[in-house]
Peer 1: 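Please find one structure pasted underneath; my questions will follow.
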Amino acid sequence: MKQYVVTRPLYSEDAFTDVHEKIHRHHKTVRHHVKQYFTCDLKRAKNAALSLLPFIGWMRIYQLKEWLLSDIVSGVSTGLVAVLQGLAYSLLASLPPWYGLFTAFFPVIVYFFLGTSRHISVGAFPVLSLMVGAVVTRLVPDEGPPVNITGFEGLTSDEQRVMVAASVTFLMGIMQLAMGLLQVGFIVMYLSDTLVSGFTTAAAVHILVSQLKFVLGLVVPGLSGPLSIVYTLEKIFVQIEKTNVCDLVTSILIMVVVFIVKEINDRYKAKLPVPIPIEVIMTVIACGVSYAFNFRVNYKVDVVGRIPVGYESPMGPNMQIFGQTAVEAFPMAIVGFAVAFSVAKVYSVKHDYIIDGNQELIAFGASNIIGAAFKSFAASTALSRSAVQESTGGKTQIAGLLSALIVMVVTLAIAFLLEPLPKSVLGAVVIVNLKGMLMQIREVPYLWRRDRPDCVVWLVTCLASILLGLDLGLAVGLGIELLTVVFRAQFPRCSVLANITGTDIYKDRKDYMRIYEPEGVKIFRIPSPIFFANIDFFRGKLVEAVGFNPLRVLRKRNKALRTIRKLLKKGELQMTSKGLLLTSSGPIEESEDESNMEDLDQPTDFKDLPVQVNWNSELPANIHVPRVDVHSLILDFSAVSFLDISALKGLKAALKELIRVEVEVYIVACDAYILEKLHSCMFFDDEVKSSMFFLTLHDAMLHILEKHPVDSENTKVCEKVITTATIITTATIHGNQCNGVSSLRSRDRFVHVSESETKF
């Protein structure tokens with residue numbers, strides 16, 4: 001085993017500052033930051049252009065011969081998948097299928113110029129599509145009149161729905177763009193992986209239920225709001241006998257084949273040059289079979305139907321819809337960005353380049369704004385589509401641009417070929433692609449074993465999103481997640497430390513057998529910031545660690561002094577060579593004078609007394625004061641990252657209470673920022689002094705052992721070993737010679753608070 005020896009003086013914070021001079025750093029003022037922000041030069045202009053238009057950066061290093069062919073293959077493959085998913089996810093948004101082609105085109109073009117990821121495929125995302133569909137069906141329900149909104153006059157139901165979808169997408173884009181310009185991309189960090197996993201699993205359940213009506217060939221109105229999934233299932237089961245057998249058989253066949261081939265793709269992805277585009281193949285076959293056997297007429301199958309050729313005229317958003325959908329648009333903006341950023345981060349790490357969260361917000365915000373103007377709905381990215389773009393060799397967003405061109409060709413020239421496609425096929429494709437999201441439920445047993453608060457976040461988010469809807473479910477999940485963070489910070493796992501025998505290492509005394517714990521010394525550690533919400537918890541745990549309540553002890557002592565003074569004044573207590581002697585034979589009661597109660601909290605004052613009272617000895621006149629067996633307390637602040645003003649006041653009060661009952665307090669490993677704040681907030685005074693701060697826990701322990709030598713004969717050897725480190729601090733002191741001596745703490749010894757300490 002390697003060993004090391006460190007030779008240095010014993011340092012308190014004050015001593016270290018006296019020996020080692022600090023560099024005085026000039027901190028920039030707010031005025032300087034503002035001036036620097038608005039200062040412009042050629043270099044900043046160039047960096048701003050590269051930041052706003054990231055494609056310039058990677059186009060400059062584009063390797064034409066090595067990358068172009070890969071991008072072409074990737075673009076064609078991704079484009080075919082984007083066409084199919086665009087049609088399928090339009091059904092989730094409760095829109096005519098061809099509007100999914102718009103979503104697979106316009107946002108991709110904008111992201112090409114503004115996005116920082118080179119591998120994600122922008123377009124429809126099933127969770128976002130479902131959230132859009134919830135808004136659409138709320139304002140324009142399948143059954144009953146639409147909400148009274150100016151601009152709906154003279155429009156068909158589909159046109160009204162398109163207006164709602166485009167307007168909420170426009171508002172979502174404005175929110176994303178605003179967050180990007182305000183540089184608040186960090187907001188996505190509040191969505192933990194656990195929360196996103198629970199949320200997307202619930203979304204997968206919603207998507208599955210929403211597609212059952214297409215798979216079964218039933219007419220079920222779209223519902224939104226709390227318990228909508230329950231009502232939808234009820235409507236499906238009520239008319240289950242009306243299931244279209246042709247739709248059901250087609251869907252099952254599609255799902256089985258696609259599932260099997262996808263498993264083959266996953267298992268042999270290292271050997272396959274490109275994944276087999278089974279969804280596209282099955283869609284082409286289904287179109288051909290449907291056309292040949294005229295499914296629409298002969299079997300009453302609901303098909304895609306007429307797809308208009310070309311693009312529609314742009315339109316502005318409806319401001320009244322903004323007011324109706326603002327609550328839903330914000331979670332859509334967060335979810336869309338969070339999912340896209342997570343996928344982008346995976347590929348950026350894999351291919352070693354940097355993505356910018358704020359620029360991604362700007363890119364998706366602009367993509368959704370411009371896309372909404374051309375009647376597309378909310379765009380993000382889908383993991384499956386991005387996986388196709390990356391796994392087929394895509395190197396840059398040239399592949400994305402080419403996929404958009406494939407979508408454009410379909411929209412302008414060959415969309416009519418998709419008209420016989422049964423909607424049940426699209427529903428089957430959507431369902432079979434839910435496998436990844438649904439299988440996230442396997443995380444629950446692992447989370448339960450490893451981190452139960454995280455497991456609670458997952459379960460609550462998932463159940464709330466299923467029952468209350470995705471928007472309210474996300475809000476509930478975020479609230480639970482923040483509560484767990486507050487809970488962990490407000491109730492941290494405090495511990496009492498002890499020295500690992502023969503070392504300068506200190507660990508929780510409950511975890512180790514061979515530890516050294518000097519009599520009268522307690523080491524208390526709090527692994528959390530101390531702030532207004534947990535200062536009372538901190539003080540309670542501190543009282544529990546030392547084994548007595550210092551404020552109660554102090555009050556008991558001051559009440560005892562009042563009694564002693566009264567007895568001396570009456571002549572019933574006299575000073576002798578052996579100390580204070582009671583001369584009265586009658587019963588003496590403690591003073592019940594409750595005047596000036598605030599004086600009981602002041603330091604004990606021995607003036608006017610002929611002798612200083614030893615509180616741990618037997619007192620005359622049946623006066624009882626709790627014993628205090630702790631003479632030194634070390635507070636380990638190594639894990640305390642900040643203190644607020646409320647915590648400063650509470651900490652100072654706790655320190656004063658301990659100091660006034662003659663307990664020496666030492667604070668170790670305190671962050672320099674906290675020390676600076678303590679000085680600036682006038683924390684120190686005649687009682688609480690800066691000399692109580694030490695660099696390390698071991699420095700404080702050595703200082704205590706010098707002031708309070710261990711008297712026990714059985715512990716002299718261990719004392720010598722540890723105190724030698726005042727000259728040579730070593731982590732390799734051999735503690736074998738301390739084996740079995742009484743300085744080794746018995747695991748059966750507990751600190752008990754006497755009854756007299758708990759009564760006042």
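Start at 1 with the first residue, then count along the sequence.
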Peer 1: With the side chain counted from C-beta on, respond yes when V640 and D671 share a heavy-atom pair under 4.5 Å apart, and no when they do not.
Peer 2: no
Peer 1: Evaluate the criterion salt bridge (charged side-chain N to carboxylate O under 4.0 Å, His left out) for residue pair E544 and K541; output intermediate values, then yes/no.
Peer 2: CA-CA 5 Å; E544 183 181 325; K541 284 293 183 180; 3.8 Å; yes
Peer 1: Check the pair S638 / D636 against side chain to side chain donor-acceptor pair (under 3.5 Å), numbers first and verdict last.
Peer 2: CA-CA 6 Å; S638 58; D636 183 358; 2.9 Å; yes
Peer 1: Taking ring pair (Phe, Tyr, Trp, His ring centres under 6.0 Å) as the definition, give me every residue that meets it alongside F538, ordered by chain and number, with sequence neighbours left out.
Peer 2: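 So F538 forms a ring pair (Phe, Tyr, Trp, His ring centres under 6.0 Å) with F524.
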Peer 1: Looking at W448, I'd like to know if the NZ or CZ of R452 sits under 6.0 Å from its six-membered ring centre while staying within 45 degrees of the ring's axis.
Peer 2: yes
Peer 1: In this structure, are over 12 heavy atoms from other groups packed under 6.0 Å from Y353 atom OH?
Peer 2: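 Check passes, neighbour count above 12.
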Peer 1: Count the heavy atoms of every other residue, nucleotide or ligand shown that sit under 6.0 Å from CZ of R488, and state whether that count exceeds 12.
Peer 2: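 More than 12 heavy atoms, drawn from other residues, nucleotides or ligands, come within 6.0 Å of this atom.
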Peer 1: My understanding is that only residues two or more places apart in sequence, or in another chain, count here; which of them pass ring pair (Phe, Tyr, Trp, His ring centres under 6.0 Å) with F642?
Peer 2: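 With sequence neighbours excluded, F642 shows a ring pair (Phe, Tyr, Trp, His ring centres under 6.0 Å) to no residue whatsoever.
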Peer 1: Can you name the residues that form a ring pair (Phe, Tyr, Trp, His ring centres under 6.0 Å) with F684, not counting sequence neighbours?
Peer 2: H679, F693
Peer 1: Under the 3.5 angstrom rule, does the side chain of N558 hit a backbone N or O of R555 as a donor-acceptor pair?
Peer 2: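 It does not hold such a pair.
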Peer 1: Can Y11 and H20 be said to form a side chain to side chain contact (heavy atoms under 4.5 Å, CB included), step by step?
Peer 2: CA-CA 11 Å; Y11 281 128; H20 300 277; 3.3 Å; yes
Peer 1: Are the side chains of K649 and I645 in touch, meaning some heavy atoms are under 4.5 Å apart?
Peer 2: yes
Peer 1: Keeping the roles fixed (side chain from S386, backbone from L383), state whether a donor-acceptor pair exists under 3.5 Å.
Peer 2: no
Peer 1: Compare all side-chain heavy atoms of H631 with those of V663 and state whether any distance is below 4.5 angstrom.
Peer 2: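 Contact flag for H631/V663 side chains = no.
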Peer 1: Can a donor-acceptor pair be found, under 3.5 Å and without considering hydrogens, that links the side chain of T501 to the backbone of R514?
Peer 2: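 A pair under 3.5 Å: yes.
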Peer 1: Taking the inter-plane angle between the rings of Y666 and H703 on a 0 to 90° scale, is it parallel (under 30°), tilted (30 to 60°) or perpendicular (over 60°)?
Peer 2: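 It falls in the perpendicular class, over 60°.
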Peer 1: Closer than 3.5 angstrom, by distance alone: can the side chain of T461 be matched with the main-chain N or O of W458 as a donor-acceptor pair?
Peer 2: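 Not a single qualifying donor-acceptor pair exists.
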Peer 1: With a 3.5 Å cut-off and no angle check, do the side chains of D356 and T116 form a donor-acceptor pair?
Peer 2: no
